[in-house]
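Computed from a predicted model, the values in this text were never measured in an experiment. Proteins get letters first, then strands, A, B, ... in listed order; numbering begins at 1 in each.
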4 protein chains.
Amino acid sequence: MTTETSPVTRAERKKQELRREIIETAFDCFAERGYHATGIADIATQLGIGHGTFYRYFENKRDIVDHVITDLVERIVAALVADNAPEAVNSLAGYRAQTARIGDALARIFGSDPRLARFLLLEAAGIDAEMRERVLDFYDTAAQMTAEYLHHGVRVGYLHADLDVDATARAINGMILAAVLSELRNPDPKAQARMGEAIRRVMYDGIAARA
Amino acid sequence: MTTETSPVTRAERKKQELRREIIETAFDCFAERGYHATGIADIATQLGIGHGTFYRYFENKRDIVDHVITDLVERIVAALVADNAPEAVNSLAGYRAQTARIGDALARIFGSDPRLARFLLLEAAGIDAEMRERVLDFYDTAAQMTAEYLHHGVRVGYLHADLDVDATARAINGMILAAVLSELRNPDPKAQARMGEAIRRVMYDGIAARA
Amino acid sequence: MTTETSPVTRAERKKQELRREIIETAFDCFAERGYHATGIADIATQLGIGHGTFYRYFENKRDIVDHVITDLVERIVAALVADNAPEAVNSLAGYRAQTARIGDALARIFGSDPRLARFLLLEAAGIDAEMRERVLDFYDTAAQMTAEYLHHGVRVGYLHADLDVDATARAINGMILAAVLSELRNPDPKAQARMGEAIRRVMYDGIAARA
Amino acid sequence: MTTETSPVTRAERKKQELRREIIETAFDCFAERGYHATGIADIATQLGIGHGTFYRYFENKRDIVDHVITDLVERIVAALVADNAPEAVNSLAGYRAQTARIGDALARIFGSDPRLARFLLLEAAGIDAEMRERVLDFYDTAAQMTAEYLHHGVRVGYLHADLDVDATARAINGMILAAVLSELRNPDPKAQARMGEAIRRVMYDGIAARA
DNA sequence: AATGAATGAGGATTCATTCAT
DNA sequence: TATGAATGAATCCTCATTCAT
């Protein structure tokens, strides 16, 4: 009679909660020990549930890892897309600022949880052939996203008119990839800031001494 | 009969030969099916030896993968170092040419065998925690190598005096990484050439429209 | 409101009803998929109840199968006994007619539901050692029932005086068993009629050509 | 240099021997405990081998049971066919003698090993749907074999000219089935002999008192 | 009373590794 | 030295059963 919701909803919510906890614990285990070294029992034990319970929420071991990945990618994309539409920018300075914003967002995401990079960049592709393709798909999608920013810049005129947009997008993403990887060994935020700065200098100035 | 080497040596040579064949076949299987999906028996069968024989040449499954990696890294480093000492260059134009040479060499190495990238960049890190560290070590070493080139350029004066050498080296290597990864999906040599060109343009010109 | 029975009785009746439905559904599943391939959840789902409810009506999986069998045997015996008392007959012609009646009844029972033979003759004995004994008990009981008919015939005089009643009863039941089994593959009523006819001819005429 | 065969042959023979032992032990377990209650580990332990060894000889649990059945059926058919060709007989007396011979052979086969009937008649059909069909196929095949004997008798003239050969064959096999089943409860050879005698009396004289 | 979420014993199967031949 | 038969630890997954709601 109070603000209590219906029992159905409450049970449903609890179910979703456990489902989420399983995904997170699985992510934890996979990132820490690796997919193949992680048993379903490990995930269940770490979460404090029976391992049979796991199978009430996910089909099998392969199923959960798909959900883990989907979950992570969604979170990353959501964090990047926020307030960073390609069309929101109309000058080199604006783009540079946007680049910094995106870089900061990435640093925040990957910096907040080292397991993220470890799992996505080092572990995932080795799970099986299908996952390998999924990782490559992910890189392709990321390249397309970056390419859109470049396209916009070329159209508006603040980027080289003859920029090879697709190839350059991949190159830029490679630098981001390197930054994320470097953080795994050197989680110091200052080092991360330096990586961001270096990437932006390469992007805008190149590396050559000025004439 | 005179040129005949001693039997011991001949046997030894044969042994080394088989050892090498096992390493290559293991690489083949690991790259194709993945480390975890590959059984010792798969390697032995593909090579036409008994799988017990495998254990006369390598301690265990983990042992062989170490040797595979060592072998690959050696081959790659050898191909890169040849005629590309950092000190051999004294001008931006020379450096640019050297960059192109190195890029060509990389394209040749990774283009000649798609399993190389697949195994080193997608498979290896997922094998276990130790291998993950080894892969990260490899990235560190590669960054140091690239950094030497940049250092030299700064010292001689054809690169920015205040270049953040280490961070920039990682960024550049990230672009190379992206190029190698892109080749996995798009093995067309022309696409590869475009990637190289785009990377060099970013490095030397940046992406901004000229003033 | 006057004819209304007490609530206890009504609830009790409903309970008995569900109990019966569970038995029937279990029979259905066991006959269709087999005992071992049938899960409690399958039965519950097919009946549209929660599988926890099952355990409010039956101790466990083994319990239900006992009830299923008891239920089936009762139904079969009831159908056979009706109007077919051994003593009701006093001549060979009468016995022959009775045999036909019983055969028709059996054909009706087993013909009406192929799951019956499938479950009782092919599935039940494989459930476990105890059930195996129960099935053998059933064959013994059936032999005794048939033997009573033969006994009566010998006493009255229309059957061989020196008939080995027990062994012959088993032999006759074996023919019935064969008829029921043949129906599983050939459910055509005409084929069934032929089997009945053939059995009766063997019983009364033997197979030898007449002198 | 003695009578020793080549090593290859010896190893091969040993392999075949173990294979046979596994089949026999599996038969033993299946007949004793039932297919579903028998674990691969049970078979292996009873035979004194590691359970992994089992899988070097048979694909999986289902595979072995197929081989067990095939093996048994072969043995039974071989024992029956020996010296009992339908065409070898040309008179009722001869046929009666042949019937007795076959009955004796069956009694010997099934009497020598009670597990045979237990497994084939009570256990096998309950294994799964496919095996159920195989058992029914077996009954069909047996009916065809018996029918051939009857056909021959009709052709030659010592059996009823208008005998419903197929249906009668099934009926006769049903009596045999009953005899084999009865032996499970009453392994006394005398009882078995009585069953055989009763079956033959039914076949040749019928059960009716002589006019 | 009905439900279904949780549980874990149990069992099939794989595969790296050993070792007798 | 090469082999492959044997092994059993390890792991995924199922499903009968319990019990809190």
Task: Close side-chain approach of B:Arg118 to A:Arg132, heavy-atom, < 4.5 Å - done: yes

Task: DNA chain F: stems of at least 3 consecutive Watson-Crick or G-U pairs whose donor-acceptor distances fall under 3.5 Å - done: E:2-21 with F:2-21

Grab the [atom1]-[atom2] distance between [X] and [N] for me, whole Å please.
| X | N | atom1 | atom2 | value |
| --- | --- | --- | --- | --- |
| D:Glu12 | F:dT3 | CD | C1' | 15 Å |
| B:Glu21 | F:dA2 | CD | C1' | 15 Å |
| A:Ile64 | F:dC13 | CD1 | C1' | 15 Å |
| A:Ile43 | F:dC13 | CD1 | C1' | 13 Å |
| C:Asp42 | F:dC15 | CG | C1' | 10 Å |
| C:Lys14 | E:dA2 | NZ | C1' | 12 Å |
| A:Phe58 | E:dA6 | CZ | P | 12 Å |

TODO: Begin from the C-alpha positions of B:Arg20 and B:Glu24 and carry the test salt bridge (charged side-chain N to carboxylate O under 4.0 Å, His left out) through to its verdict.
DONE: CA-CA 6 Å; B:Arg20 167 136 305 279; B:Glu24 266 158 24; 3.4 Å; yes

TODO: Let me have a per-nucleotide readout for nucleotides 11-21 of chain E, 5' to 3', with B, S or -, counting only protein heavy atoms under 4.0 Å.
DONE: -SBB-SBB---

Task: Carboxylate-amine/guanidinium proximity below 4.0 Å for A:Asp66 and A:Arg62 - done: yes

Gap separating the [atom1] atom of [X] from the [atom2] atom of [Y], nearest 0.5 angstrom:
| X | Y | atom1 | atom2 | answer |
| --- | --- | --- | --- | --- |
| D:Thr25 | D:Gln46 | OG1 | CD | 6.0 Å |
| B:Ile40 | B:Thr45 | CD1 | OG1 | 11.0 Å |
| A:Leu122 | A:Phe119 | CG | CZ | 11.0 Å |

TODO: Tell me whether the guanidinium CZ or amine NZ of A:Lys61 lies under 6.0 angstrom from the six-membered ring centre of A:Phe30 and within 45° of its axis.
DONE: no

TODO: Could you list the residues that satisfy side chain to side chain contact (heavy atoms under 4.5 Å, CB included) with A:Asp63, not counting sequence neighbours?
DONE: A:Phe58, A:Glu59, A:Asn60, A:His67

TODO: Would you please test D:Asp71 and D:Arg75 for salt bridge (charged side-chain N to carboxylate O under 4.0 Å, His left out) and show each step?
DONE: CA-CA 6 Å; D:Asp71 189 59; D:Arg75 270 162 49 184; 3.6 Å; yes

- [ ] Starting from the 5' end of DNA chain F, give me the residue, B:Lys15 or D:Tyr57, whose nearest nucleotide shows up first.
- [x] B:Lys15

